[in-house]
Each structure stands twice: as C-alpha cells, then as structure tokens.
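To start, the structure under review is shown below, and the notes come after it.
Along the sequence shown, residues are numbered consecutively beginning with 1. Hydrogens, waters and symmetry mates are skipped; everything else that's a heavy atom, side chains included, is used. Computed from a predicted structure; not experimentally measured.
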Amino acid sequence: MQEVSSGMRPTSPGTAPAAFLSACLLVSAGCGTSAESARPAAGSEGTDRPGEVVFPATNRPDVRGISGAVSAGHPLAAAAGHDVLRRGGNAIDAAIAMAAVLAVVRPHMNGVGGDAFALYYEASTGQVHAMNGSGRAGALATPALFAARGLDEMPGNGPLSVSVPGAVAAWIDALDRFGTIPRDELLAPAIRYAHGGFPVSTRLSSDIAASSGSLNDHARALYTPGGEPPPVGSLLRNPALAATLERIARDGKDGFYHGSVAEHLATFLEAEGGYVRAPDLSAHTTTWVEPLSGGFEGFTMLVMPPNTQGIAQLQLFEMARSFDLRAMGHNSADYLHTLIEMKKLAFADRDQWAADPDFTDLPLDQLLDPGYLAGRAAMVDPDAAAVSRSPGVTADMVAASGGSGASVGGNADGSAVAPGSARDDSGDTVYLTAVDKWGNAVSWIQSLFAGFGSGLLEPETGIVLHNRGALFNLEPGHPNLIAPGKRPYHTLTPMMALHGDGSFAFTLGTPGGDSQPQSLLQIVNNYLLFDMTPQAAIEAPRFRSYSGVRVDFEDRFGAAVLGELGALGHEAGVVHGWTATFGGAHMIVRDREGTLTAASDPRREAYAIAY
C-alpha cells in the first residue's frame with residue numbers, strides 16, 4: 001500500500017479492473033488508442049507544443065455512433081443488446097435481452113430472483129415512463145413475526161430477508177407495453193449462456209470468492225465447488241436456471257409467478273422459515289408511475305419516486321445550485337467538502353421518508369421545494385465536517401401542515417433512523433442502458449441487493465433469491481416499517497436527463513447502493529460543469545461518503561487535497577485501484593446533431609457499443 005498522510009485512513013488495496021482486461025473483446029468499444037481518440041479532448045490535459053498529439057486521459061475511448069448505442073454491466077450483455085438493435089429491435093427490446101443475459105453472467109449481483117426499475121423515453125410522444133418493478137413483503141410479514149423470533153432489526157440475509165422478486169414481471173410488462181420482438185427471441189442468449197455456460201472472468205471469480213460466505217449448500221455446490229470459485233476461463237453453467245428462463249420465455253409472467261417455479265420457490269421459502277408464499281407471488285404486479293423531476297444546468301433531471309432514493313438525487317442537484325461549484329475547481333478540497341456535506345443533508349431526509357407511498361403520505365413537495373433546499377444548503381459549514389444531520393422535514397411538521405406522515409423515532413442525536421437500520425449497502429447491482437435509431441431511450445437497473453442476495457439458491461429452479469427485504473425497518477412508526485404487501489426502501493435509482501425543450505439528452509446510472517446518488521452527482525458535474533466527455537466524466541476519481549465523517553477516496557486524489565479535508569474533520573480513507581466500491585457507471589448522450597456517445601466504467605465489467 002502506498003503511504004497516506006496523517007489524518008487519512010488507509011483501506012484494503014483494490015484489485016485491477018477485470019473489465020479492462022477484456023477490453024479487446026468487442027471491436028465497437030475499441031482497445032488502446034485509435035485515430036479518433038488521438039486528439040485533445042475535454043477532460044484531458046493540453047499541450048503547449050504545437051502539433052503534438054494529445055491522448056485523452058481515459059482507459060477507454062468514448063464510443064460514438066448514429067443509429068444506436070448500448071451499455072451494460074458485462075460485455076456479453078452489451079453484445080446481446082447491440083445485436084437486437086442491429087436486427088431492428090427498439091431500446092426496450094435491447095434492454096430486456098441485456099437484462100436477461102446479466103441475470104446469468106452476473107449471478108451474484110442480479111437475477112430473476114431480484115427487483116428492477118426503469119425510465120423509458122418514448123420518442124414518438126416525448127413522454128418518460130417510470131416503471132417500479134420492486135416486489136412486496138408477503139402476507140405473513142408483520143413486525144410481530146420478527147418479534148416472535150426475537151429479532152429487533154431486519155436480518156441481512158437468509159429467508160426473512162426475501163421479499164417477492166419483481167424483475168421478471170418488469171421484463172415482461174415493459175416488453176408487452178413497448179417492445180417489438182417476441183420474448184423467446186430476446187431471452188435466447190441468456191438461455192444459451194445458462195445451458196451451455198459462459199466464460200468466468202477474473203472479476204467474477206474474485207467477486208464470488210468475496211461474496212460466498214453466506215451461501216446455502218445448493219449455491220456453494222454451483223458457485224464454489226470444492227470450496228473455491230470457478231477458475232478464470234472455465235465455463236459456468238446453471239441448467240436449472242436455463243429451464244426457468246425457458247418457462248418465462250414460453251409462458252411470460254405465469255412461467256415465474258404461477259406454476260411449478262412459483263410452487264418450488266414458495267415451498268422452499270416456507271421450509272427455510274421465510275414469509276413469502278405462493279399467493280404472494282401470484283399477486284405481484286409491476287407499477288407504472290410518474291417520474292420525479294428537477295432542474296440542473298438547463299436540463300430536466302428525471303428519477304424514480306419513492307420507494308427509491310431518487311428524492312435524494314434531486315435534492316443534491318437543487319442544493320448544488322446554491323454554490324459556485326465551477327469556481328471552486330474540480331475535486332478541490334472546497335468542492336469535495338461541499339458535495340460531502342450536501343450528501344449528509346439529503347440522506348437525513350431520505351432516511352426519514354424513503355418508503356412505499358402506498359402506505360404513508362410522503363411530503364415530496366416539501367422535500368423538493370427549492371426554497372427549502374436553499375435553506376438546507378445554507379447549513380453547509382465551509383470550515384467543518386458535520387458528524388450527523390437531522391431531517392429538515394419531520395413527521396410533526398407534516399402533521400401540522402395537514403398531512404398524515406408517520407411518526408419516526410429517530411436516533412439519540414436527532415438524526416433519522418436509516419430505512420434499513422444500519423445496513424451497509426455494498427451495491428451488488430447491475431445497470432444497463434440503450435438508445436435506438438428512433439430516439440427511444442432506456443435507463444434500467446436491477447439487483448439482488450447484497451452479494452448473492454439472501455444467500456439462498458432454490459435448487460429446482462436455479463434461482464438465487466434477493467435480500468431486498470433487509471432494507472425494511474422494525475422501528476415502530478417508521479414509514480419503512482415492514483408490513484404485508486409493502487415495498488421496501490430501495491437504493492436503486494436510474495436517471496435520465498432531458499433538454500429544456502423536452503427532447504432526450506442522456507441516460508445515466510450506476511450500481512453502488514448508497515453511493516449511487518453521490519456518484520451520479522459527481523459524474524453529472526464532471527460532464528456539465530467541467531466539460532468532460534462522458535467517458536472522462538465516468539473515469540474521473542470519485543469519493544464515497546458513509547455515515548458520520550468517514551469518506552473513502554480513490555487513490556488518484558492528491559494527498560494535499562485529502563490533507564485539507566482531514567483538517568476539516570473528514571476521516572479520509574484511500575482505496576487503491578479501480579474498484580467496485582465507487583460503482584460501475586454507464587452513460588449514453590445524444591447531442592443536437594444526433595450523434596450518440598456511450599461510456600462505460602472500468603471499475604466493473606461494464607461495456608459500451610455504438611454503431
């Protein structure tokens with residue numbers, strides 16, 4: 001490990017990005033330098049010597065095309081989406097093909113046993129549709145159930161962390177509403193990889209080794225045979241999952257939420273001590289909602305409403321308007337301190353109010369009011385890091401204004417109880433995005449929550465079940481208190497931006513749990529405030545703020561800047577290498593000329609293709 005200056009906390013060294021090792025797999029994404037990239041670029045260093053060739057300071061080039069673009073959390077998924085677009089499919093078609101492949105090739109981060117959310121820009125109408133594909137708690141899921149088992153906080157894994165998976169319904173409902181290609185064609189690549197196997201990457205092998213501690217015996221037999229992850233380059237097969245995908249391809253939602261698959265899942269979870277039963281699965285529905293929107297730098301930023309943390313994203317954009325971030329300078333101590341302190345204020349409100357709106361009246365108008373957020377921004381102390389922050393809108397305030405917000409207990413210091421207690425979200429999630437030749441655009445995210453979710457693999461179906469139910473709360477009166485039929489708080493927050501005239505501008509998203517709003521704000525600032533290309537904006541070094549004053553920084557930040565932040569009270573740690581700690585972002589931009597620019601993050605196995 002490299003030395004860190006006094007006041008900085010060293011962390012475990014990171015590993016080299018496996019995604020970059022596979023960077024020559026797809027010609028469209030490029031590898032090394034090219035004629036197109038051998039020029040000065042926004043976000044790269046200039047030169048004082050006339051005629052000198054300057055190369056962008058990025059691992060990868062910005063990927064440009066005019067007819068379509070995709071980016072996904074694995075090269076095989078991106079290739080599947082690209083193939084769909086080239087065959088005449090639209091953005092939704094490509095998204096479903098990629099989502100299904102990711103469910104196979106990134107089995108520890110997402111799958112048919114997880115949840116999904118999406119934003120879809122419909123070019124023919126200019127309308128953006130928001131899809132909530134998260135599942136609900138079963139009918140037996142009451143606080144009394146957990147109390148009877150001696151639990152005062154939600155389990156982080158195991159059967160009591162499993163809520164109804166919503167991803168499969170999200171695939172089918174999105175395809176039925178907006179797709180053009182039959183689902184059996186779109187799921188064929190995923191079925192092929194599950195049946196015949198796909199090559200295990202360096203990143204996947206190391207991820208399995210790091211995430212396999214809570215696996216049940218069935219999962220260990222598949223993912224750590226002999227106690228070790230599959231060797232790099234070996235083929236990983238899951239024939240039971242292939243059969244499940246074939247049922248979904250043939251029968252749609254009924255192939256998952258009814259029939260043999262649902263029966264196997266319900267019987268398994270009941271035997272394990274969970275609360276999900278067959279009627280809970282059969283009752284599941286996807287919800288189409290209105291996205292939340294806010295303004296930033298002349299763009300309209302769109303996010304998912306609660307039960308996601310999208311409200312925190314919009315709060316960050318609005319508070320940022322109170323500061324001259326450009327003048328502070330990119331990644332200066334003043335700039336970083338301001339963003340970190342804004343995050344604490346936004347997360348205090350998020351932790352109190354991010355919950356299922358079907359169960360609690362949420363004061364979204366108050367939380368997103370520009371005047372309110374200007375007042376919150378004024379609370380940022382330029383000379384000191386805050387240890388904690390309290391929510392600015394409380395249940396008492398809502399009640400006094402005529403609302404019916406739930407009563408929230410809070411912590412001893414006045415800060416809000418986090419939606420999922422004190423759960424540390426490592427962000428085991430995948431993101432994908434697509435833009436087609438008609439101008440339709442998709443921003444899609446799906447997840448198991450933690451690595452391998454609940455740790456439970458149902459052997460007859462090959463399905464790893466998520467642990468998204470771990471983000472419910474057992475705090476009496478909390479809006480996110482577990483209840484039958486209720487959706488848990490979600491960190492998943494896909495994003496989209498429109499120009500002022502309502503036309504599509506860009507998609508953006510990343511895995512990373514609590515770091516998602518932080519990473520997205522940093523990337524958007526890099527792109528809009530500091531004139532970086534999409535790829536440079538994604539690759540620029542990022543921070544991740546945790547609770548209290550703990551903040552991790554990538555090792556490409558200067559020691560002097562971190563020293564200044566330490567003097568302000570931040571507990572700064574350095575993470576070495578390009579690691580998944582800071583997400584794995586994707587972005588597709590459509591400029592006014594119609595050129596599409598796609599970018600993908602070397603911190604994970606992300607890959608982008610355009611044509």
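For the pair Thr510/Tyr431, no side-chain contact is recorded, criterion being any heavy-atom separation below 4.5 Å from C-beta on. Between Val261 and Arg247, the closest side-chain pair of non-hydrogen atoms falls below 4.5 Å. With contacts defined as side-chain heavy-atom distances shorter than 4.5 Å, the pair Phe472/Lys486 qualifies. Side chains of Asp93 and Leu175 form a contact here, defined as non-hydrogen atoms less than 4.5 Å apart. Between Phe296 and Leu314 there is no side-chain heavy-atom pair separated by less than 4.5 Å. Looking at heavy atoms from C-beta onward, Ile311 lies in side-chain contact with Pro306 at the 4.5 angstrom threshold. Counting only heavy atoms from C-beta outward, the side chains of Pro517 and Gln309 approach each other to under 4.5 Å. Between Val162 and Tyr275, the closest side-chain pair of non-hydrogen atoms is not below 4.5 Å.
The pair Asp173-Lys253 meets the salt-bridge criterion, with a side-chain N (NZ, NE, NH1 or NH2) lying under 4.0 Å from an Asp/Glu carboxylate O. Salt-bridge check for Asp358 with Arg487: failed, with every basic side-chain N at 4.0 Å or more from each acidic carboxylate O. Salt-bridge annotation for Arg542 and Asp601: present, with a side-chain N of the basic residue lying under 4.0 Å from a carboxylate O of the acidic one. Salt bridge Arg376/Asp349: present, at least one basic N to carboxylate O contact under 4.0 Å. With respect to the salt-bridge test (charged N to carboxylate O, under 4.0 angstrom), the residues Asp207 and Arg604 do not qualify.
Of all heavy-atom pairs spanning Gly111 and Ala103, the tightest one is CA-CB, 3.7 Å. Between Leu160 and Pro155, the closest heavy-atom pair is CB-CG, 3.9 Å. For His258 against Ser282, the heavy-atom pair with the smallest separation is NE2-CB, 3.4 Å. Across Gly273 and Pro159, no two heavy atoms sit closer than the pair C-CB, 4.0 Å. Closest approach of Met98 and Ser71 over heavy atoms only: SD-O, 4.3 Å. Of all non-hydrogen atoms in Pro459 and Ala240, the two that sit nearest each other are O-CB, 3.7 Å.
For His284 and Tyr257, the ring centers sit closer than 6.0 Å to each other. Taking the ring centroids of Phe543 and Phe582, they lie at or beyond the 6.0 Å cut-off.
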Next on the checklist: Walk me through whether Thr433 and Thr507 qualify under side chain to side chain donor-acceptor pair (under 3.5 Å).
Outcome noted: CA-CA 7 Å; Thr433 179; Thr507 57; 2.7 Å; yes
Item to check | Residues Tyr489, Arg350; criterion side chain to side chain donor-acceptor pair (under 3.5 Å); working and verdict | outcome: CA-CA 10 Å; Tyr489 159 71; Arg350 179 205 71 170; 2.9 Å; yes
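Ring-plane geometry between Tyr121 and Phe504 is classed as tilted, the angle between the planes lying from 30 to 60 degrees on a 0 to 90 degree scale. In this pair, His129 and Trp288 present their aromatic rings perpendicular. The plane angle is above 60°, beyond the 30 to 60° band.
For the pairing with Leu241, the side-chain contact (heavy atoms from CB on, under 4.5 Å) check across Val112, Val464, Thr461 returns one residue only, Val112.
Put simply, the side chain of Thr360 never gets that close to the backbone of Leu362: no donor and acceptor are under 3.5 Å apart. Formation of a donor-acceptor pair under 3.5 Å by the Asn307 side chain with backbone atoms of Asp356 is not found in this model. With hydrogens and angles disregarded, a donor-acceptor distance shorter than 3.5 Å links the side chain of Arg544 to the backbone of Thr581. The backbone N or O of Ala606 lies less than 3.5 Å from no partner atom in the side chain of His74, so there is not a single donor-acceptor pair. With hydrogens and angles ignored, the 3.5 Å screen pairs no side-chain donor or acceptor of Glu318 with any backbone N or O of Leu373. Judged by distance alone, with hydrogens and angles left aside, the side-chain atoms of Arg106 form no donor-acceptor pair with the main-chain N or O of Val430 at under 3.5 Å. A donor-acceptor pair is defined here as one N or O able to donate and one able to accept, closer than 3.5 Å; no such pair exists between the side chain of Asp552 and the backbone of Ser545.
At a cut-off of 3.5 Å, with distance as the only test, no side-chain donor of Thr394 or Asp396 sits close to an acceptor on the other residue. Gln446 and Trp171 are linked by a side-chain donor-acceptor pair at a separation below 3.5 angstrom, with hydrogens and angles left out of the test. Tyr120 and Arg177 share no side-chain donor-acceptor pair at under 3.5 Å. Donor-acceptor pairing under 3.5 Å is recorded for the side chains of Ser447 and Thr429. Between the side chains of Glu122 and Thr125, a donor-acceptor pair is found at a separation under 3.5 Å.
Stacking of Arg550 on the aromatic ring of Tyr546 is recorded, both the 6.0 Å distance cut-off and the 45° axial limit being met.
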